[in-house]
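The structure appears right after this line, and notes come after that.
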Amino acid sequence: MSYRPMALVRNGLTALKPPPRLVDWSIFGIVMFEAVSGVASFTLATPRGWPVFWAHRIAGLALIGLLCFKLARVRYRLIQSEQWQASTLLSILTITAAVGALTTGIAWVFGLDVRLYYWTLLSVHVGFGLVLVPLMVWHLTTRFRLPSRRDFDRRRTTLRYTALLLGGAVTYWGQERANRILDTHGADRRFTGSQPRHGHGNQGFPVTSWVADDPDPVDRSDWTLTVRGDVETPLEYAYVTLEHGNEAEALLDCTSGWYTVQRWRGIRVGDLLDAAEVRDEARFVRFVSVTGYRWSLPIEEARQALLATHVGDEPLSHGHGAPMRLVAPGRRGFQWVKWIDRVDVRRRGDPAQWLVTLLSGFD
Ligand SMILES: Nc1nc2c(c(=O)[nH]1)N[C@H]1C(S)=C(S)[C@@H](COP(=O)(O)O)O[C@H]1N2
Ligand SMILES: [Mo]
């Protein structure tokens with residue numbers, strides 16, 4: 001043991017390093033955790049969901065430590081071309097996806113707001129994550145080894161993982177401190193990671209589609225809103241009868257990484273349901289776009305939602321969902337269905353809606 005500072009750091013790191021197989025399995029475990037928490041985070045819009053975002057960030061930073069151990073171990077296999085095998089390419093792709101996901105994630109926390117083509121850095125981060133998962137599974141199957149009993153010294157293993165996660169937590173805390181001290185855009189992020197868009201009305205925030213939905217403009221004079229399903233009185237409204245309604249301020253938080261607070265105007269879903277005389281057995285309200293894109297809310301929540309015709313005193317533009325779009329406070333942007341022409345009152349939820357939001361717009 002030497003007492004020169006570098007040697008101390010090196011010895012400290014070596015003491016933290018779990019056995020190789022455990023490193024491999026931990027990397028796999030964290031990547032899976034990141035995938036699951038990342039996907040789950042897309043459905044969270046209220047501050048209650050913050051632990052998921054924090055866990056995702058801390059685990060991601062802890063992953064850096066594990067990747068360093070791993071890369072230190074396999075570096076010769078990667079840099080000496082005599083040692084290359086078919087699986088080396090897979091390893092390199094896997095590393096690239098992991099490093100891509102980590103760097104874009106970290107840059108996003110610092111508030112870097114560049115676009116690649118038209119994707120935000122956060123969307124690129126998600127993209128890297130989505131390719132990383134199958135690569136990781138494939139990579140693991142080419143060199144499959146279970147960890148052995150010997151790999152688990154209980155005290156040491158606990159200590160090492162505590163240190164790794166604490167390291168991740170402290171690093172994330174440091175990142176947030178740095179954001180505030182340097183006053184980066186990262187400091188304005190919501191707990192979801194979304195950055196603010198401060199304008200008002202149609203021009204105040206971007207037009208976004210979840211995947212590929214992109215209908216032709218809907219002619220207001222041709223358009224009607226239908227309310228049907230588990231109701232005593234199915235209804236059909238023309239646009240002019242819906243124009244004057246309630247106002248509400250609500251926050252739209254898109255999973256591509258921005259949010260906006262706007263004043264919306266339209267008709268309260270609760271009023272529509274009362275007019276249609278909902279039957280007792282009704283449990284869900286499904287909002288359906290002219291494109292087929294749709295989302296359902298539990299009926300009590302739906303009552304509080306708004307079917308907006310206006311934003312910031314302007315009639316909705318086509319891109320923002322004219323003639324009518326859902327304003328669902330407490331829900332993520334992809335659930336705020338645009339170009340709505342039908343409201344279905346139902347007894348059941350609609351699991352297929354998940355798939356439809358992804359596929360709608362593809363022919
Ligand atoms: N019909 C339909 N509604 C949709 C979408 C879509 O692709 N199709 N995208 C959703 C997503 S992902 C978001 S963030 C918001 C964006 O609303 P905006 O374009 O008015 O900003 O609309 C939602 N409503
Ligand atoms: Mo979105």
Side-chain angles (χ1 to χ4, degrees), residues 38-45 108 113 115 118-127 130 189-190 192-218 223 225 248-266 269 285-297 302 305-344 350 352-363:
V39 169
S41 79
F42 267 21
T43 67
L44 300 171
W108 184 260
D113 192 11
R115 280 180 178 245
Y118 69 93
W119 287 291
T120 62
L121 220 47
L122 184 64
S123 303
V124 177
H125 169 75
V126 173
L130 289 178
R189 285 152 51 246
R190 255 192 118 210
T192 58
S194 293
Q195 302 170 352
R197 296 291 176 265
H198 288 298
H200 289 286
N202 285 304
Q203 298 301 319
F205 58 107
V207 165
T208 308
S209 268
W210 175 229
V211 182
D213 238 20
D214 184 20
D216 290 332
V218 180
W223 172 94
L225 176 71
E249 196 174 75
L251 184 153
L252 166 56
D253 185 340
C254 171
T255 47
S256 72
W258 55 268
Y259 75 90
T260 184
V261 178
Q262 298 288 337
R263 283 207 71 77
W264 308 90
R265 190 163 88 222
V269 176
V285 181
R286 178 166 75 180
F287 302 90
V288 189
S289 172
V290 297
T291 64
Y293 189 105
R294 58 190 200 239
W295 201 262
S296 318
L297 299 175
L306 197 71
L307 284 169
T309 52
H310 287 65
V311 60
D313 273 333
E314 303 160 16
L316 283 176
S317 66
H318 166 60
H320 287 309
M324 180 170 269
R325 68 105 42 89
L326 182 63
V327 170
R331 294 284 181 159
R332 289 306 283 272
F334 74 91
Q335 294 157 324
W336 292 39
V337 183
K338 301 194 279 194
W339 311 294
I340 289 176
D341 70 349
R342 209 176 82 214
V343 173
D344 295 335
D350 178 14
Q353 68 193 6
W354 291 94
L355 202 61
V356 172
T357 56
L358 297 174
L359 299 180
S360 177
F362 292 108
D363 298 321

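Counting convention: from 1, in listed order, for ligands and their atoms alike.
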Under 4.0 Å from one or more heavy atoms of Ser289, ligand 1 contributes atoms 1 (N)

Which of Trp210, Phe287, Trp354 passes ring pair (Phe, Tyr, Trp, His ring centres under 6.0 Å) with Trp295? Answer is Trp354

closest protein heavy atom to atom 1 (N) of ligand 1 is Asp213 OD2, 3.0 Å

Note: ligand 1 atoms sitting under 4.0 Å from heavy atoms of Val337 are 3 (N), 24 (N)

Cys254 heavy atoms within 4.0 Å reach ligand 1 at atoms 14 (S)

Note: Arg325, heavy atoms under 4.0 Å from ligand 1, region reported as side chain

Self-check item: Within the 6.0 Å centroid threshold, strictly below: Trp264 and Trp336
Solution: yes

Item checked: Sub-3.5 Å N/O-N/O distance, Trp258 and ligand 1 -> no

Give a yes or no answer on whether the side chain of Asn202 reaches the backbone of Pro315 with a donor-acceptor pair at less than 3.5 Å. yes

of all protein heavy atoms, closest to atom 7 (O) of ligand 1 is Trp210 N, 3.0 Å

*Under 6.0 Å from the CD atom of Glu314, do we count more than 12 heavy atoms belonging to anything else shown?*
yes

Any N or O on Phe334 sitting closer than 3.5 Å to an N or O of ligand 1? no

| message | A side-chain contact here means heavy atoms from C-beta on lying under 4.5 Å apart; do Val343 and Leu307 qualify? | response | yes

Under 4.0 Å from one or more heavy atoms of Val207, ligand 1 contributes atoms 19 (O)

Atoms of ligand 1 under 4.0 Å from any heavy atom of Pro206, numbered from 1 in the order shown, are 18 (P), 19 (O), 21 (O)

Contacts of Arg286 meeting salt bridge (charged side-chain N to carboxylate O under 4.0 Å, His left out) (sequence neighbours excluded), chain-then-number -> Asp344, Asp350

So does Ser41 get a backbone contact from the side chain of Arg332, meaning a donor-acceptor N/O pair under 3.5 Å?
yes

of all protein heavy atoms, closest to atom 15 (C) of ligand 1 is Gly333 O, 3.4 Å

among protein heavy atoms, the one nearest atom 18 (P) of ligand 1 is His320 ND1, 3.4 Å

Next item on the list: State plainly whether the residues Asp313 and Arg265 are in salt-bridge range, i.e. N to O under 4.0 Å.
Entry: yes

If you scan protein heavy atoms around atom 6 (C) of ligand 1, the nearest is Tyr293 CE1, 3.5 Å

Quick note on ligand 1: atoms under 4.0 Å from a heavy atom of Gly319 include exactly 19 (O)

heavy-atom search around atom 3 (N) of ligand 1 in the protein gives Lys338 N, 2.9 Å

Spell out, as yes or no, whether a donor-acceptor pair under 3.5 Å connects the side chain of Thr120 to the backbone of Ser256. yes

Practice prompt. Indicate yes or no: at least one non-hydrogen side-chain atom of Asp213 is less than 4.5 angstrom from one of Lys338.
Written response: no

Check: Can you tell if the side chain of Leu297 reaches within under 4.5 Å of the side chain of Val285, non-hydrogen atoms only?
Finding: no

Ligand 1 to Ser209, heavy atom cutoff 4.0 Å, flagged ligand atoms 6 (C), 7 (O), 9 (N)

Near Trp336 (heavy-atom distance under 4.0 Å), the atoms of ligand 1 are 22 (O), 23 (C), 24 (N)

among protein heavy atoms, the one nearest atom 16 (C) of ligand 1 is Thr208 O, 3.6 Å

